[in-house]
Peer 1: 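Sending over a structure as structure tokens; questions will come in a sec.
In what follows, chains carry the letters A, B, and so on, assigned in the order in which the sequence lines appear, proteins first and then strands, with residues in each chain numbered from 1.
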Protein chains: 2
Amino acid sequence: MTVTLADVAARAQVSPATVSRVLNGNYPVAAATRERVLKAVDELDYVLNGPASALAAATSDLVGILVNDIADPFFGIMAGAVQSEIGGPGGRAGGERLAVVCNTGGAPERELTYLTLLQRQRAAAVVLTGGAIEDAAHQAAMAAKLRRLAEAGTRVVLCGRPPAPETGAVALTFDNRGGGRELTDHLIGLGHRRLGYIAGPQERTTTRHRLEGHRAALAAHGIEEDARWTVHGRYDRQSGYEATLELLRRDPSLTAVVAANDSVALGACAALRDSGRRIPDDVSVAGFDDLPFSIDAVPALTTVRLPLAEAGARAGRIAMGREEAPIGGIATVRGELMVRGSCGQPRGV
Amino acid sequence: MTVTLADVAARAQVSPATVSRVLNGNYPVAAATRERVLKAVDELDYVLNGPASALAAATSDLVGILVNDIADPFFGIMAGAVQSEIGGPGGRAGGERLAVVCNTGGAPERELTYLTLLQRQRAAAVVLTGGAIEDAAHQAAMAAKLRRLAEAGTRVVLCGRPPAPETGAVALTFDNRGGGRELTDHLIGLGHRRLGYIAGPQERTTTRHRLEGHRAALAAHGIEEDARWTVHGRYDRQSGYEATLELLRRDPSLTAVVAANDSVALGACAALRDSGRRIPDDVSVAGFDDLPFSIDAVPALTTVRLPLAEAGARAGRIAMGREEAPIGGIATVRGELMVRGSCGQPRGV
DNA sequence: TTATACATAGAAAGCGCTTGCTGTACGGCT
DNA sequence: AGCCGTACAGCAAGCGCTTTCTATGTATAA
């Protein structure tokens, strides 16, 4: 029913081996023969059987990309950049590779399951994006899995994620701590002394690092933090909205709200507006990531730009072996403070 | 080096056939034997070889999702919804399936290439999202490809895309024309008579349908359209910014700008603000899609909500055969007008 | 007790491709 | 003329799994 290599071989009057070599182009075939084969391929509408090739050659052209939430541009941008570099159609590289984008939803077990699935497919490479989950058992399981993947020849690259020692994985880590520090430094420089902080989910490295940066800035300026000033939530708009209301209830005198990311910041802005406060006159708001929409907020968000596309592209190239891994297998990617309208001096300064 | 089925069989003291049956669970195996096998699997850290399974069983657990731009939430939301339904880890369905998200970048040839790649992998199903490209040659090529996929047993679902007759593909089509019509009706109802329109790229069905809806509304109200009032651009913010400036240059008396989608609308808002106009006092702005950030624009965008997540989920279920296809293989998904602050009455009404 | 059905496990034949090795023909060299 | 190197092309052995068919042991019926 389906046409196979042998059918093509028969029609072109050559052996299956020759057809295979024409299609893979890694062995000399006389021009005339090649023509005949290509013609037969075309006439029969032949399409190689991927699984069979993969089995015989013990390689695959699948590349896995793990993301927390594909609907979030933060991940979409990185995934797109990775994909553009791994050499899928339209990419710069040669062989055609298929990107497998896996949506973990931030769930530990799904992260692991997807990795197994990718291992099962004998993926050529895997890129993991986003922060890691801070759970000892899970981290051990992940490390074991990554090690096994590496052993099986799958290149593993972490993009925007802390290093995973002894796994053979290359890490491109975002300097969340530094960015958080710089952002809060800026606010303090403007005169703020009472700053609310809307953190992400508790058990994530990204959350912790950004918060640590924030606190480091406070400490450096001798500002004693009030425990009521920190609220944890999810990395989305709604969470930002609710958290801001909570923050305001706890301490209505806050002059600034620092959000875990831009989506949260947008929610914060909405909450502030809905409660009759003006930004930045009454309360300043800061985000993180600098996603495309952040500049369209009114006022535009002051935030820390993370070079998501660049980092993703680099991760893709490293995964494909087209760029050397950084020394030590670890590189830190810094963010850049984007000063815009959503942060100003507090009243009376 | 790598552990195979045979290794597991040897350790569990059973035949490879039995191990396979335990792992696939589609043949009676005595409980005691199953235990032994599972134990061996665990001890050896065995992971099935996907390509080999696929080859032997002539089936695969890959599902392809074609999107124009993975970094755009419009597609991200649909892709995420499809994925949540196809039964990957964490999904509702049983067998574990891998979603392959393919970024076509809107390029015709990449669309085709990805389809071939998916065909090569013997994908279980393919979901194509986003508008189709209006080029006769390309459409014929696509139709042929889709037909061949269907023949090979791959289920094909179009999500937010016009039907592809005679291909066996199920289509969940967005009512872009109706939505566009309703939106412009609304603006006219507010008193607008001079409306600029920022359309998407020329050769896309989505662009054409939305524009047709807009024009139908104008015609229905006896408003003669000025050719200068329509500008084509891309589906992004920057394009919206530039197009708005162009529109304003052509006719500074416009009282409303209708954008091809929300991103374009955001760009339009920025351009209007930068040129010193207030929204909606001086000029009203309308978008399309109702992406999450649209409500955070200031003023919030009046737009047409497309149920992206619902449509994607349904497409996913149909692709998995878990929901019946609509009668005739075609269903129209309607948008909903969201009236918000970015549209108001024009001056002097 | 013997015949018969049933439950379970194994043997073996592929699935469609890749690739190391083995021809074979031809041209150039001595 | 004889030899050898080169350039192709083919043979055939798998790659690791699934699945049909067959074998064996056990329970039930006659």
Side-chain angles (χ1 to χ4, degrees), chain A residues 1-38 40-41 44-62 95-96 117 119-124 152-153, chain B residues 1-38 40-41 44-62 95-96 117 119-124 152-153:
Chain A
M1 200 206 101
T2 58
V3 19
T4 71
L5 237 213
D7 299 330
V8 177
R11 180 170 253 262
Q13 315 221 57
V14 296
S15 72
T18 301
V19 177
S20 170
R21 300 204 255 245
V22 168
L23 262 21
N24 291 295
N26 47 16
Y27 191 89
V29 173
T33 314
R34 158 179 291 110
E35 286 305 301
R36 258 203 342 275
V37 170
L38 257 20
V41 166
L44 294 177
D45 247 328
Y46 174 67
V47 173
L48 213 54
N49 182 316
S53 303
L55 174 57
T59 62
S60 127
D61 44 13
L62 254 42
E96 280 165 352
L117 240 36
Q119 184 184 356
R120 171 178 305 182
Q121 298 297 335
R122 306 299 189 248
Chain B
M1 197 207 102
T2 58
V3 19
T4 71
L5 238 212
D7 299 330
V8 177
R11 180 171 253 262
Q13 316 222 57
V14 296
S15 71
T18 301
V19 178
S20 170
R21 300 205 258 245
V22 168
L23 262 22
N24 290 294
N26 47 18
Y27 190 90
V29 173
T33 315
R34 157 179 293 109
E35 287 305 302
R36 260 206 338 277
V37 170
L38 257 19
V41 166
L44 294 177
D45 247 327
Y46 174 67
V47 174
L48 213 53
N49 182 316
S53 304
L55 174 57
T59 63
S60 128
D61 44 12
L62 254 43
E96 281 165 353
L117 241 35
Q119 183 184 358
R120 173 177 303 182
Q121 298 296 336
R122 306 299 189 249

Peer 1: Under 3.5 Å, which donor-acceptor pairs do the side chains of residues 12-21 of chain A form with other protein atoms, sequence neighbours left out?
Peer 2:
residue, atom, partner, partner atom, Å
A/Ser15, OG, A/Ala17, N, 3.4
A/Ser15, OG, A/Thr18, N, 3.3
A/Ser15, OG, A/Thr18, OG1, 3.2
A/Ser20, OG, A/Asn24, ND2, 3.4

Peer 1: Taking only side-chain nitrogens and oxygens of B/Asn24, does any of them come within less than 4.0 Å of OP1 or OP2 of D/dT18?
Peer 2: yes
Peer 1: Round to a whole Å and report the spacing from CG of A/Asp61 to P of C/dT18.
Peer 2: 11 Å
Peer 1: For B/Leu55 and A/Pro51, which heavy atoms make the closest approach, and how far apart are they?
Peer 2: N-CB, 4.0 Å
Peer 1: Would you mind reading off the distance between A/Asn26 atom CG and C/dT18 atom P, rounded to a whole angstrom?
Peer 2: 9 Å
Peer 1: According to salt bridge (charged side-chain N to carboxylate O under 4.0 Å, His left out), does anything in residues 51-62 of chain A pair up with another residue at least two apart or in another chain? List the pairs.
Peer 2: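 Counting only pairs at least two positions apart or across chains, no salt bridge (charged side-chain N to carboxylate O under 4.0 Å, His left out) contact touches residues 51-62 of chain A.
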Peer 1: Taking atom P of D/dG14 as reference, at what distance in whole Å does atom CG of B/Leu55 sit?
Peer 2: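 About 17 Å, once rounded to whole Å.
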Peer 1: Between D/dC11 atom P and A/Leu5 atom CG, what is the distance in whole Å?
Peer 2: 14 Å
Peer 1: Would you say that B/Leu62 contacts A/Leu62 through its side chain, given a criterion of any heavy-atom pair below 4.5 Å between the two side chains?
Peer 2: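 Side-chain contact under 4.5 Å: yes.
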Peer 1: Roughly, in whole Å, what's the span from CG in B/Asp7 to P in D/dG16?
Peer 2: 9 Å
Peer 1: Hey, which of these two, A/Val19 or B/Ala56, hits DNA chain C nearer its 5' end, going by closest nucleotide?
Peer 2: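 Here B/Ala56 is the residue nearer the 5' end.
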Peer 1: Mark up nucleotides 6-11 of chain C, 5' to 3', with B wherever a protein heavy atom is under 4.0 angstrom from a base atom, S wherever such an atom reaches only the sugar-phosphate, and - elsewhere.
Peer 2: --SBBB
Peer 1: Suppose the criterion is salt bridge (charged side-chain N to carboxylate O under 4.0 Å, His left out): which pairs have a residue in residues 11-20 of chain A, not counting sequence neighbours?
Peer 2: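 Residue pairs with at least one partner in residues 11-20 of chain A: A/Arg11-A/Glu43.
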Peer 1: Quickly work out the A/Leu44 CG to C/dG16 P distance and round it to whole Å.
Peer 2: 15 Å
Peer 1: Which listed nucleotide (D/dT18, C/dG16, C/dT18) is nearest to the side chain of A/Leu48?
Peer 2: C/dT18
Peer 1: Rounded to the Å, how far apart are B/Asn49 CG and C/dG16 C1'?
Peer 2: 14 Å
Peer 1: Of all residues at least two apart in sequence or in a different chain, which pass the salt bridge (charged side-chain N to carboxylate O under 4.0 Å, His left out) check with A/Asp7?
Peer 2: none
Peer 1: Apply side chain to side chain donor-acceptor pair (under 3.5 Å) to B/Asn26 and list each qualifying residue two or more places apart in sequence or on a separate chain.
Peer 2: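 With neighbours one apart ignored, the set is empty.
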Peer 1: Between C/dT18 and A/Ser53, is there an OP1 or OP2 to side-chain N/O distance shorter than 4.0 Å?
Peer 2: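 Looking at the OP1 and OP2 atoms of C/dT18, one of them is under 4.0 Å from a side-chain N or O of A/Ser53.
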